[in-house]
Structure formats: C-alpha cells, structure tokens
Amino acid sequence: EQPNYINLENKYLYDLTGIEHFINTKELRLKFNYLTNLNLTTLTNLEYLDCYLNTLVTLNINGLSNLKFLDCNSNDLTSLDLSTNVNLEQLKSSGNNILSLDIQNKLFLTYINCGGTNPNAIVNLNNLPSLLEVDGFGGNIKEFTMSGVDNLTHLKLKSNNLTTLDASNMISAQLIDVGNNYNLAS
C-alpha cells in the first residue's frame, strides 16, 4: 500500500525520479532540497505541497484539482500556472522571479503571499470571492490589479514598485499597507 504522506524535507535531494508512482499521496513535503524541476501531474490526489527553498526552475502541477495548499516560496520560478488548481486555498509564491502572476476563479483561495518577485512583476487577481489576505511585502510588484475580491480584508503591498493601485472594491478592508511605494500616484 502506498503512503498518503511523504516527508523528504532537508534530504539534499537533487532529483525526485519515481515520485510519479506515488499516486495516492495527499501531502508532500520537499522543502530545503536542491530540486530544479518538479513534475507532479500524476499525483492527482495531492492536497498539500511544500517545496519551499529549493532551486526550482519549473513546477508542473497541472491537473491537480485537489491541491489546497502550495508553498513554492524561495525558488527560481519565472512562471506559475495555477489554472487547473481550482480548489487552492493558500498560495505562497514569494522569493521567485515570476514576471506575471495571474490568479483567477479560485473560489476557495483565502491567502496569497506573492512578495519578492521580478522587478517588473504584474499581479492580477480576479474572481476570488473567499480571498481575505494578500501579502506582497517587498515584492518589486509594478502593477497590481484586482476585481471580484469583495471579502479581502488585508492588503499588504509595502515596499514595492507600484505606480497605481485601485483599492476601491475592497469593501471589507481592515488593513491596506502600501508604504514605501515611492512611485505610487493613486
């Protein structure tokens, strides 16, 4: 019988060949390794993925519709395709080199950490009715747009490269922190 929980944290791994056969895995912990490419498309039962602090250049999680938690912070990703991860609840993608982060139609997503990105990063949030908090501190974000985020209570975009920000649709706002965005006009 296959395990549904696999913990390979801090094992000095460079390669994960064979992981594709563990199709019953629901939780996979891979942080503090040296993985550069990760293709998990066969792990369709996966709900929790922590691949924090590797050297990932590619992360393929297409088709993982059960995925609820993703921490891919502190890698070398330049893109992140979340289009098929419809049940995502928490996303941590800071500390990468992602130029464009387009997150839409995630009905259960409550938290996004997207700081530490490409100096010209564009973040677009659309139709995220459960979203409560966005943490993009120190993210070099140049453009940030959002719509359909009516329940957003905390927007932290301090120390970025923002030139404009429209927070008028944040009807539930409790905290908006956009300090140290020296080019912010409105």
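Below, each value reflects all heavy atoms present in this structure, side chains not excepted, and no hydrogens, waters or symmetry copies.
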Determine the minimum heavy-atom distance between [X] and [Y], stating which atoms define it.
X      : Y      : result
Leu125 : Val149 : CB-CG1, 4.5 Å
Pro3   : Phe22  : CD-CD2, 3.9 Å
Leu165 : Leu184 : N-CD1, 3.8 Å
Asn124 : Thr145 : OD1-OG1, 2.9 Å
Leu40  : Leu49  : CD1-CD2, 3.6 Å
Thr55  : Asn75  : N-OD1, 3.4 Å

**Study point:** Thr58 and its side-chain hydrogen bond (donor to acceptor under 3.5 Å, both in side chains) partner, picked from Thr36, Asn37, Asp76
**Key:**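 Exactly one pass, corresponding to Asn37.
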
For a quick check under 3.5 Å, do [X] and [Y] share a side-chain donor-acceptor pair by atom type?
X      : Y      : value
Asn4   : Asn24  : no
Asn118 : Asn97  : yes
Asn62  : Thr41  : no
Asn126 : Ser147 : yes

Student check: side-chain heavy atoms of [X] and [Y] closer than 4.5 Å:
X      : Y      : result
Asn169 : Met146 : yes
Lys92  : Leu70  : no
Leu175 : Lys156 : yes
Leu59  : Leu80  : yes
Leu131 : Ile112 : yes
Leu162 : Leu157 : yes

Exercise for review: List the steps and the verdict of side chain to side chain contact (heavy atoms under 4.5 Å, CB included) for Phe137 and Ser159.
Suggested key: CA-CA 6 Å; Phe137 174 78; Ser159 301; 4.0 Å; yes

**Study point:** CA sep, side-chain torsions, deciding dist, call: Ile103, Leu101, side chain to side chain contact (heavy atoms under 4.5 Å, CB included)
**Key:** CA-CA 6 Å; Ile103 305 171; Leu101 188 59; 3.9 Å; yes

Electrostatic pair [X]:[Y] at N-O distance under 4.0 angstrom:
X      : Y     : value
Lys31  : Asp50 : yes
Glu9   : Lys11 : no
Lys106 : Glu89 : no

**Study point:** Asp102 vs Ser100, side chain to side chain donor-acceptor pair (under 3.5 Å): CA-CA, chis, key distance, verdict
**Key:** CA-CA 6 Å; Asp102 189 19; Ser100 179; over 6 Å; no

Exercise for review: Kindly determine whether Leu38 and Cys51 satisfy side chain to side chain contact (heavy atoms under 4.5 Å, CB included), including the steps that lead there.
Suggested key: CA-CA 9 Å; Leu38 199 51; Cys51 51; 4.2 Å; yes

Exercise for review: Indicate the ring-plane relationship of Phe69 and Tyr48, choosing parallel, tilted or perpendicular according to the 30° and 60° boundaries.
Suggested key: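 Plane angle under 30°, so parallel.
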
**Study point:** Asn33 side chain vs Leu35 backbone, donor-acceptor pair below 3.5 Å
**Key:**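 No: the side chain of Asn33 does not pair with the backbone of Leu35.
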
Review point. If you group Ile, Leu, Val, Met, Phe, Trp and Tyr by side-chain heavy-atom gaps below 4.5 Å, do Ile176 and Leu132 land in one group?
Key: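 Different clusters: Ile176 never reaches Leu132 through Ile, Leu, Val, Met, Phe, Trp or Tyr contacts under 4.5 Å.
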
Practice item. Decide side chain to side chain donor-acceptor pair (under 3.5 Å) for Asn180 and Tyr182; before the verdict, give the C-alpha distance in whole Å, the side-chain angles of both, and the deciding distance to 0.1 Å. Key: CA-CA 6 Å; Asn180 299 332; Tyr182 300 109; 3.0 Å; yes

